[in-house]
Amino acid sequence: TINAGDLSISDTVGTQIQTVSSLDEAPAEPEGEVIGEPTVFSVQFESPGARGDNFGAALFDDGEVLEVVSLRPGSVIEAYNESAPPASRVQPGDFVLSTNGISGDPLRMLAEWRNQRQISCDICRPQRFTVQIRKTSALGINVLHGHPTKGVSLVVDSIAPGPFMEWNAVHPDRAINRLDRIVAVNGCEGGPEQLKQALQASTGEVTLTIARKALT
């Protein structure tokens with residue numbers, strides 16, 4: 001369990017991704033609103049080198065899927081995105097569901113991604129929805145991410161008694177689950193450290209935007 005003024009961050013995969021220097025303002029969403037449906041699309045990449053060189057993407061293994069946390073300028077994926085329709089462009093925050101037919105095993109998926117010159121994968125653009133908690137003292141969550149200052153979200157690792165568990169009890173259709181991503185705090189988006197600071201600094205009613213592969 002973490003205190004309102006002391007979010008505990010556990011580093012897992014130390015990926016090198018672009019630093020977010022400040023929070024970007026985004027429109028606040030009404031309580032409990034579902035923002036679009038999750039979409040899945042298939043893509044294929046081929047590296048001009050002997051190996052894939054990650055095809056220009058830094059990936060985070062959360063134990064279930066791989067998450068795209070950054071894209072390198074001038075990379076294979078960036079070149080693909082230039083000609084792909086917007087709905088099929090790979091972007092940070094997307095989930096990699098399979099690589100060359102491998103799914104459900106992120107370690108094998110990651111090895112395939114890193115070691116192959118050609119890759120075929122299924123990508124999920126997550127669904128987003130908003131929740132509203134009342135922050136008093138203990139928040140009652142543990143979060144993790146791949147780097148203390150870089151990335152696009154906070155990953156919910158566990159939930160203990162507190163505002164999050166209270167929200168879940170009243171809103172089972174919008175319950176916050178383990179491995180959900182916190183991608184905005186009171187309408188502000190940024191890197192994990194910026195999101196953590198925004199969560200620490202918030203008081204009273206706090207609106208969070210959550211990203212997930214699909215609502216269950």
Side-chain angles (χ1 to χ4, degrees), residues 9 11-26 35-36 38-103 105-128 144-155 179 181-184 188-197 209 211-213:
I9 300 298
D11 291 339
T12 53
V13 180
T15 52
Q16 294 299 313
I17 60 179
Q18 185 176 10
T19 303
V20 180
S21 59
S22 62
L23 290 172
D24 299 321
E25 292 293 335
I35 311 168
T39 58
V40 177
F41 55 95
S42 298
V43 295
Q44 293 181 334
F45 305 119
E46 181 174 354
S47 173
R51 286 189 175 183
D53 189 29
N54 290 344
F55 305 95
L59 300 175
F60 170 68
D61 172 5
D62 70 4
E64 291 189 359
V65 296
L66 303 175
E67 179 185 356
V68 179
V69 292
S70 74
L71 297 174
R72 188 176 67 250
S75 64
V76 170
I77 295 181
E78 286 281 25
Y80 157 83
N81 282 345
E82 290 179 1
S83 59
S88 298
R89 293 172 185 166
V90 180
Q91 62 187 35
D94 285 348
F95 295 108
V96 180
L97 305 181
S98 69
T99 57
N100 288 343
I102 301 171
S103 62
D105 188 336
L107 288 178
R108 290 181 59 209
M109 291 164 56
L110 187 59
E112 191 76 6
W113 184 282
R114 287 174 171 171
N115 296 323
Q116 297 301 319
R117 185 170 174 265
Q118 296 178 321
I119 197 81
S120 176
C121 51
D122 291 328
I123 306 290
C124 175
R125 178 79 26 83
Q127 185 175 49
R128 291 189 175 198
L144 57 86
H145 52 74
H147 192 282
T149 60
K150 304 174 182 179
V152 295
S153 66
L154 293 172
V155 184
L179 299 184
R181 269 57 168 176
I182 300 173
V183 296
C188 294
E189 300 177 337
E193 188 65 25
Q194 287 74 39
L195 291 169
K196 182 187 74 171
Q197 291 173 3
T209 304
R212 183 188 299 170
K213 294 190 297 297

K.L.:
Would you name the heavy atoms of Glu67 and Gly93 that are closest together and state the gap between them?
P.N.:
OE2-CA, 3.7 Å

K.L.:
Where the side chain of Arg117 meets the backbone of Ser47, is there a donor-acceptor pair that is under 3.5 Å apart?
P.N.:
yes

K.L.:
Quick one: do Glu46 and Gln118 satisfy side chain to side chain contact (heavy atoms under 4.5 Å, CB included)? Show the steps, please.
P.N.:
CA-CA 4 Å; Glu46 181 174 354; Gln118 296 178 321; 3.2 Å; yes

K.L.:
To the nearest 0.5 angstrom, please state how far the CZ atom of Arg108 sits from the OG atom of Ser98.
P.N.:
12.0 Å

K.L.:
Measure the shortest side-chain to side-chain distance between Phe60 and Val152 over non-hydrogen atoms and say whether it is less than 4.5 angstrom.
P.N.:
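Heavy-atom side-chain distance check fails, nothing below 4.5 Å.
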
K.L.:
Quick one: are Val90 and Phe55 in side-chain contact, heavy atoms under 4.5 Å?
P.N.:
no

K.L.:
Nearest heavy-atom pair of Met109 and Leu66: which atoms, and what distance?
P.N.:
CB-CD1, 3.9 Å

K.L.:
For residues Ile123 and Ser88, determine if any side-chain heavy atom of one lies less than 4.5 Å from a side-chain heavy atom of the other.
P.N.:
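No; the side chains remain at least 4.5 Å from each other.
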
K.L.:
Begin with the C-alpha distance, continue with both residues' side-chain angles, and end with the deciding distance and a verdict on side chain to side chain contact (heavy atoms under 4.5 Å, CB included) for Leu179 and Arg181.
P.N.:
CA-CA 6 Å; Leu179 299 184; Arg181 269 57 168 176; 4.1 Å; yes

K.L.:
Taking the side chain from Glu78 and the backbone from Ser75, do they hold a donor-acceptor pair closer than 3.5 Å?
P.N.:
no

K.L.:
Quick check: closest heavy atoms across Asn54 and Trp113, and the distance to 0.1 Å?
P.N.:
O-NE1, 2.9 Å

K.L.:
Going through the distances and angles, do Ser120 and Asn100 end up as a side-chain hydrogen bond (donor to acceptor under 3.5 Å, both in side chains)?
P.N.:
CA-CA 5 Å; Ser120 176; Asn100 288 343; 5.1 Å; no

K.L.:
With rounding to the nearest 0.5 angstrom, report the CZ to CG distance, Phe41 to Asp122.
P.N.:
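Output value for this atom pair is 9.5 Å.
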
K.L.:
Considering all heavy atoms of both residues, which atom of Pro86 and which atom of Arg125 are nearest to each other, and what is their separation?
P.N.:
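That closest heavy-atom pairing would be O-NH1, 4.0 Å.
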
K.L.:
Quick one: CD on Gln194 to CD on Gln197, what's the gap to the nearest 0.5 Å?
P.N.:
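The CD atom of Gln197 is 6.0 Å from CD of Gln194, to the nearest 0.5 Å.
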
K.L.:
Working to the nearest 0.5 angstrom, can you tell me the gap between Leu110 CG and Asp61 CG?
P.N.:
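Separation between the atoms: 6.5 Å.
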
K.L.:
Do Asp94 and Pro126 touch side chain to side chain, with heavy atoms closer than 4.5 Å?
P.N.:
yes

K.L.:
Grab the two heavy atoms, one from Ser70 and one from Pro92, that are nearest each other, plus how far apart they are.
P.N.:
CA-CG, 4.1 Å

K.L.:
Apply the test side chain to side chain contact (heavy atoms under 4.5 Å, CB included) to residues Leu71 and Arg89: give CA-CA distance (whole Å), side-chain angles for both, the deciding distance (0.1 Å), then the verdict.
P.N.:
CA-CA 11 Å; Leu71 297 174; Arg89 293 172 185 166; over 6 Å; no

K.L.:
Before giving the answer on side chain to side chain contact (heavy atoms under 4.5 Å, CB included), spell out for Leu97 and Ser103 the whole-Å C-alpha distance, their side-chain angles and the decisive distance to 0.1 Å.
P.N.:
CA-CA 6 Å; Leu97 305 181; Ser103 62; 6.0 Å; no

K.L.:
Going by heavy atoms in the side chains, are Ile182 and Thr209 under 4.5 Å from each other?
P.N.:
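Counting from C-beta outward, Ile182 and Thr209 never come under 4.5 Å.
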
K.L.:
Do the non-hydrogen side-chain atoms of Leu59 and Val69 ever get within less than 4.5 Å of each other?
P.N.:
no

K.L.:
Which pair of heavy atoms, one from Ile77 and one from Ala57, lies closest together, and at what distance?
P.N.:
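Closest approach of Ile77 to Ala57, heavy atoms only: CD1-CB, 3.7 Å.
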
